[in-house]
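These numbers come from the heavy atoms of this one structure, side chains and all, not from hydrogens, waters or symmetry mates.
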Amino acid sequence: MKETKNSSYELKEGNFDPRQVLTEDDLRSIFSIIYSSRSKKTTSYKYALINAILCNLANIDCALSLSFNTVFYTFAESYWNIIVNFKIKPARVEKSAKIYSIIDECSKKLDVNEAIPFDSLSSDNIKTVVKAVESDAKKYVIGALFGDSQGTFYSFSKKEKVIRLNPVVYQYLLKNKPLIEKVNYLEWTRFLLEKELDVVSPKNIIDALTLSTKRSDLSSFQKILYETFNEHKCFYCGKELKNNEVHVDHFIPWSFIKDDRLWNFVISCPHCNESKSDKLASTELLHRLVKRNEDIISKQPAGNILINTNEYDNTTLMRFYHIAKMNGFELWNKSNSR
C-alpha cells in the first residue's frame, strides 16, 4: 500500500497510483482502518465526505471526477439538517467540529430561526452555506481521507477544486453502495454520540443524516417528459395517460441511486408505478430507456442541458442497472402486476 504522511490533510493535492493493483480485500481492509481507532478522527468530517461521495456516484463525470462544489453541497446539507432542521447541537463546544459554529453563523446571517430542510432554502442561500462550509472543510477533510485511504481512493487538487476517483474504487463503491452506506451511518452516529454530542437519541441523528436522501418534488421532471417531449403513455404498459394520471417513476429504484436525474425517469400510470415500487424493470425496458435518453440528448433545447453528457453516456444507465441487480434488487414482472 502507498504510504502517506500523517499531515496529509495539509496537502494541496494528492494522486493515487494507477499502476497499483487493488483487490476487494485490500479495499475492505482500508475501510476497516478508516472506521477503526487506527484512523485519525478528530471530527466527524470523514464520515460526511464518504457519504457525499456515495450520494453523488450518479453525478460523477466520464473522467470519474466530482467538483468540490458538488461534494460540499451534500456535505453542507447533512450538517444543516443535523444542526438547523433537527436542532441537534453539541453540549461540549470545545470538543466539537468547527462545522457547528459555521452552520450556526450561516443560519443567523440568513435569519433562519425555524427548522427548515436544506433544500427548502433559496438557491442564493444554499450557495452561501455551501461556500462557507467548503472554505473550512476543504482544508482538512479532502486530504485527511486521502491519507486514511493510504492514497488509494482518489486524486485531488485543492487548486482545481476537484477529486477524481480511482476506477477500481469507483466500481467497488457502486457494487457495495448499500452496505457501505449502512456502515457509514452507523459509525457516523456512534462517533457523534461519543465525541461531539451529548444525550441525543441515535434515531434523531439517523433521521437527520438521511434527510438529504428523502424524495423531492418531481413535478419539474413530469413537465419535461409529458409536455416538452410529449410522453403521454405509460412507459411500462403503454396506457394513454391524461395529465392528472401521470406519475414519474425512478426506473432504477431511488433507494439505490438516491438522486434525481432525468435519464432515470419515465412517465408511468399510477398502477405500474405502485406495482413496480422498489423493483427493477426488465432488460428489454432498460434498452428502450437508453434509446429514449439518446433521443432527449439529440433534441434538448440549445442552452438548456437536460441530460449532461459529461456525466451520462450510453453505458451509464446499464451500469447502474446491473450493479443494482447485483445488490439484490428484485426484478418486476409487469405481466403479473394486474
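- With salt bridges taken as basic N to acidic carboxylate O contacts below 4.0 Å, none links Lys108 and Glu105.
- The environment of Arg164 atom CZ is sparse: at most 12 non-hydrogen atoms of other residues, nucleotides or ligands sit within 6.0 angstrom.
- In this structure, the side chain of Thr228 does not engage the main chain of Leu225 through any donor-acceptor pair within 3.5 Å.
- Checked options Ile53, Val169, Leu66; the residue passing with Tyr154 is Ile53 (criterion: side chain to side chain contact (heavy atoms under 4.5 Å, CB included)).
- Between the side chains of Asn125 and Thr128, no donor-acceptor pair of N or O atoms lies under 3.5 Å.
- Taking hydrophobic clusters as Ile, Leu, Val, Met, Phe, Trp and Tyr residues chained together by side-chain heavy-atom distances below 4.5 Å, Ile33 does not share a cluster with Leu179.
- Here the two rings, on Tyr73 and Phe118, have centers that are under 6.0 Å apart.
- A distance of 12.5 Å separates NZ of Lys98 from CD1 of Ile103, quoted to the nearest 0.5 Å.
- Counting heavy atoms from C-beta outward, Asn243 and Gln222 have side chains that approach closer than 4.5 Å.
- With a 6.0 Å radius and a threshold of 12 heavy atoms from other residues, nucleotides or ligands, Lys87 has its NZ atom above the threshold.
- With hydrogens and angles disregarded, no donor-acceptor distance shorter than 3.5 Å links the side chain of Glu13 to the backbone of Lys159.
- One distance of note links CG of Asn81 with CD1 of Ile205; it measures 13.5 Å at 0.5 Å rounding.
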Please report the C-alpha distance between Glu196 and Ser44 in whole Å, then the side-chain angles of each, then the deciding distance to 0.1 Å, and finally whether the side chain to side chain donor-acceptor pair (under 3.5 Å) criterion is met.
-> CA-CA 8 Å; Glu196 293 185 358; Ser44 54; 3.2 Å; yes
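- The backbone N or O of Tyr226 lies less than 3.5 Å from a partner atom in the side chain of His232, making a donor-acceptor pair.
- The only member of Asp260, Asp278, Asn264, Asn273 that meets side chain to side chain donor-acceptor pair (under 3.5 Å) when paired with His250 is Asp260.
- Leu27 contributes atom CG, which lies 10.0 Å from atom CD of Gln150 (distance to the nearest 0.5 angstrom).
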Determine, stepwise, if the pair Ser29 / Asp26 fulfils side chain to side chain donor-acceptor pair (under 3.5 Å).
-> CA-CA 5 Å; Ser29 176; Asp26 291 329; over 6 Å; no
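- Side-chain atoms of Tyr321 come within 3.5 Å of backbone N or O of Ala281 as a donor-acceptor pair.
- Hydrophobic clustering (ILVMFWY, side-chain heavy atoms < 4.5 Å, transitive): Leu64 and Val21 are in distinct clusters.
- Panel note: side chain Lys158, backbone Lys139; a donor-acceptor pair is recorded below 3.5 Å.
- Put simply, the side chain of Asn166 gets close to the backbone of Thr152: a donor and an acceptor are under 3.5 Å apart.
- Ring orientation note: the planes of Phe146 and Phe156 are nearly perpendicular, at an angle over 60° on the 30°/60° scale.
- Ring-plane geometry between Tyr47 and Tyr35 is classed as parallel, the angle between the planes falling under 30 degrees on a 0 to 90 degree scale with a further cut at 60.
- Leu22 and Phe31 fall within a single hydrophobic cluster, where Ile, Leu, Val, Met, Phe, Trp and Tyr side chains are chained together by heavy-atom contacts under 4.5 Å.
- A side-chain donor-acceptor contact under 3.5 Å links Tyr45 to the backbone of Ile99.
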Under the side chain to side chain donor-acceptor pair (under 3.5 Å) criterion, do Ser101 and Asp104 qualify, and how do the steps go?
-> CA-CA 5 Å; Ser101 59; Asp104 201 42; over 6 Å; no
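- A side-chain donor-acceptor contact under 3.5 Å links Arg261 and Asn59.
- Checked for salt-bridge contact, Asp25 and Arg28 meet the test: a charged N lies under 4.0 Å from a carboxylate O.
- With Phe256 as the aromatic partner, Lys177 meets the cation-pi criteria of under 6.0 angstrom to the ring centre and within 45 degrees of the ring axis.
- In this structure, the separation between CG on Leu173 and CG on Asn56 is 12.0 Å, given to the nearest 0.5 Å.
- Remark: the backbone N or O of Phe251 is paired with a side-chain donor or acceptor of Lys276 at under 3.5 angstrom.
- In the displayed structure, Lys279 atom NZ is contacted under 6.0 Å by more than 12 heavy atoms of other residues, nucleotides or ligands.
- Within a 6.0 Å radius of CD in Glu24, other residues, nucleotides and ligands contribute more than 12 heavy atoms.
- A ring pair (Phe, Tyr, Trp, His ring centres under 6.0 Å) check over residues 120-139, counting only residues at least two apart or in different chains, returns nothing.
- The 12-atom threshold is not exceeded at CD1 of Ile305, counting heavy atoms of other residues, nucleotides or ligands nearer than 6.0 Å.
- A distance of 7.5 Å separates CG in Leu241 from OG in Ser268, rounded to the nearest 0.5 Å.
- At distances below 3.5 Å, not a single donor-acceptor pair connects side-chain atoms of Ser78 with backbone N or O atoms of Leu209.
- Using cut-offs of 30° and 60° on the angle between ring planes, the pair Phe75 and Tyr79 is tilted.
- Judged by distance alone, the side chain of Asn293 and the main-chain N or O of Trp263 form a donor-acceptor pair under 3.5 Å.
- Cluster membership check: Leu186 does not share its hydrophobic cluster with Ile82, using side-chain heavy-atom separations under 4.5 Å among Ile, Leu, Val, Met, Phe, Trp and Tyr.
- No more than 12 heavy atoms of other residues, nucleotides or ligands lie within 6.0 Å of CD in Glu284, so this atom counts as exposed by the packing criterion.
- Of the inter-residue distances, the one linking Ser107 atom OG with Trp80 atom CH2 reads 5.5 Å to the nearest 0.5 angstrom.
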